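Only heavy atoms go into these numbers, but all of them, side chains included; no hydrogens, no water, no symmetry mates. Since the model is a prediction, treat every value here as computed from it, not as a measurement. Labels below follow one simple rule: chain letters A, B, ... track the order of the sequence lines, proteins then strands, and each chain is numbered from 1.
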Amino acid sequence: MASGRIGDIEFDAPSDAVARALIGATLLVDGVGGRIVETEAYDETDPASHTFNGPTKRNAHMYGPPGHAYVYRSYGLHWCLNFVCREPGHGAGVLLRAIEPTDGLAEMRARRRLEDARILCAGPGRLTEALGITLAHGGLRLDRPPFFLQAAAEPLEVLAGPRIGISKAVDAPWRFGLAGSRFLSKPFPRGTARALK
DNA sequence: CTTTCGATGATCT
DNA sequence: GATCATCGAAAGG
C-alpha cells in the first residue's frame with residue numbers, strides 16, 4: 001500500500017503542495033480541534049528547515065512515511081506539530097500554524113486557560129497546547145485515532161506569503177493561509193501575499 | 001499599534 | 001556556546 005492519501009489529501013507530494021491543500025481541512029485530536037487556516041512548508045533544500053543538514057535524531061520522523069506526525073520542542077517551551085510529506089530527497093513536512101477552533105471549545109479553553117477563541121489556536125505553540133499535542137504524538141499516523149483529518153469540502157481562496165519566525169530563506173513564499181480568516185497567527189500584509197486560485 | 005525581553009531546554013557545531 | 005519553525009507580558013508612541 002503505497003498511497004499517501006489521508007482524508008483526501010495526498011501526502012506523497014512536495015510540502016508546498018501539501019501545505020496548500022491542507023488549508024480548510026478539518027483536524028481533530030481526540031475529537032478536539034477545527035479547521036486548519038495557516039500552514040508552512042519545509043524541505044531538505046530549505047536552509048530554514050530542520051532537515052536541511054540531513055537526518056538527525058530529532059527529525060527522524062521527517063524521514064519516515066508520509067502522512068505521519070513530526071513533533072518537536074520549540075524554544076524549550078512549546079510543542080510544534082508537522083505533517084510529514086514525501087518529495088525527492090525526503091525530509092519534508094508542513095508546520096501547522098493556526099486552526100479555527102470548532103470542536104471541543106471547552107476543552108481547548110481549559111488547556112489554554114484562555115477564553116478568546118480567536119487566539120486559542122493562533123500559532124504553532126498555541127494550537128498544540130489547545131489540542132493536547134506532545135512529543136508522544138510524534139510518529140503517529142494521521143489517518144487513525146487520536147487523529148482525524150478531512151480535506152475541505154469545497155475550494156477556498158488561499159494566500160501565499162513569506163514564512164514567520166525564521167532567519168534563513170525568509171523570502172520564500174511557503175506560508176499559506178485562508179483568505180479573510182480571523183484565526184491566523186498573524187495577518188498576511190497587503191503586498192507581501194499572493195492569492196492562489 | 002509597535003518593539004523588547006525573559007522563560008527554558010533540546011539540539012547541533 | 002549559539003541558535004532556535006514561540007509566547008506572553010510589559011513598555012512606549
Side-chain angles (χ1 to χ4, degrees), chain A residues 11 14-23 27 36-64 66 68-87 89-101 108-139 142 159-178 182-193:
Chain A
F11 283 92
S15 56
D16 59 335
V18 178
R20 159 71 182 82
L22 281 168
I23 298 301
L27 172 68
I36 297 170
V37 297
E38 184 182 339
T39 59
E40 285 180 355
Y42 292 85
D43 73 24
E44 260 193 344
T45 69
D46 170 16
S49 174
H50 287 176
T51 56
F52 185 59
N53 291 309
T56 66
K57 178 157 191 168
R58 174 177 64 169
N59 68 25
H61 289 134
M62 288 278 260
Y63 291 86
H68 288 229
Y70 163 53
V71 179
Y72 70 94
R73 177 87 86 170
S74 174
Y75 290 89
L77 291 164
H78 312 288
W79 301 110
C80 289
L81 172 65
N82 292 255
F83 290 172
V84 176
C85 307
R86 174 145 49 200
E87 56 183 281
H90 247 232
V94 174
L95 172 67
L96 270 68
R97 287 199 54 93
I99 289 173
E100 174 181 340
M108 290 191 271
R109 286 189 165 115
R111 288 172 175 156
R112 294 267 294 124
R113 299 170 298 284
L114 174 74
E115 281 299 306
D116 189 353
R118 189 157 163 172
I119 57 175
L120 215 45
C121 302
R126 290 165 172 168
L127 77 86
T128 55
E129 183 175 29
L131 303 211
I133 300 282
T134 70
L135 194 59
H137 292 84
L142 301 173
L159 303 177
R163 292 173 295 178
I164 290 178
I166 55 173
S167 61
K168 298 167 184 169
V170 294
D171 292 330
W174 293 336
R175 175 184 179 222
F176 300 87
L178 179 61
R182 302 164 11 245
F183 301 92
L184 301 173
S185 68
K186 289 172 100 169
F188 283 76
R190 284 188 68 89
T192 69

Sugar-phosphate only, base, or nothing, as touched by A/R126 at under 4.0 Å among non-hydrogen atoms
sugar-phosphate
Answer with base, sugar-phosphate or nothing: what part of the nucleic acid does A/R112 contact at a heavy-atom distance below 4.0 Å?
sugar-phosphate
Atom pair distance, as rounded to whole Å: [atom1] in [X] and [atom2] in [N]:
X	N	atom1	atom2	answer
A/N59	B/dT11	CG	P	10 Å
A/L77	B/dA7	CG	C1'	6 Å
A/E129	C/dT6	CD	P	15 Å
A/H50	B/dC12	NE2	C1'	11 Å
A/L184	C/dC7	CG	P	13 Å
A/L120	C/dG8	CG	C1'	15 Å
A/R73	C/dT3	CZ	C1'	17 Å
A/K57	B/dT13	NZ	P	16 Å

I'd like to know if the side chain of [X] reaches the main chain of [Y], judged simply by a donor and an acceptor atom lying under 3.5 Å from each other, with no hydrogens or angles considered.
X	Y	value
A/S49	A/D46	no
A/R112	A/L120	yes
A/R126	A/A122	yes

Is the base of C/dA5 touched by the side chain of A/Y72 through a donor-acceptor pair closer than 3.5 angstrom?
yes
Quick one: look up who B/dT8 pairs with, Watson-Crick or G-U, both distances under 3.5 Å, and put none if it's unpaired.
none
What does B/dT3 pair with, Watson-Crick or G-U, if both distances are under 3.5 Å?
C/dA10
Options [options], nucleotide nearest the side-chain atoms of [X]:
X	options	answer
A/R58	B/dT11, C/dC7, C/dC4	B/dT11
A/S167	C/dC7, C/dC4, B/dT13	C/dC4
A/I166	C/dT6, C/dA5, C/dG8	C/dA5

Kindly say if A/S74 contacts the phosphate of C/dC4, meaning a side-chain N or O under 4.0 Å from OP1 or OP2.
no
A/Y42 stacking on C/dA5: centroids under 5.5 Å, ring planes under 30°?
yes
Could you tell me whether A/R111 and A/E129 make a salt bridge, using a distance below 4.0 angstrom between a side-chain N and a carboxylate O?
no
Should we count CG of A/D171 as having more than 12 external heavy atoms under 6.0 Å?
no
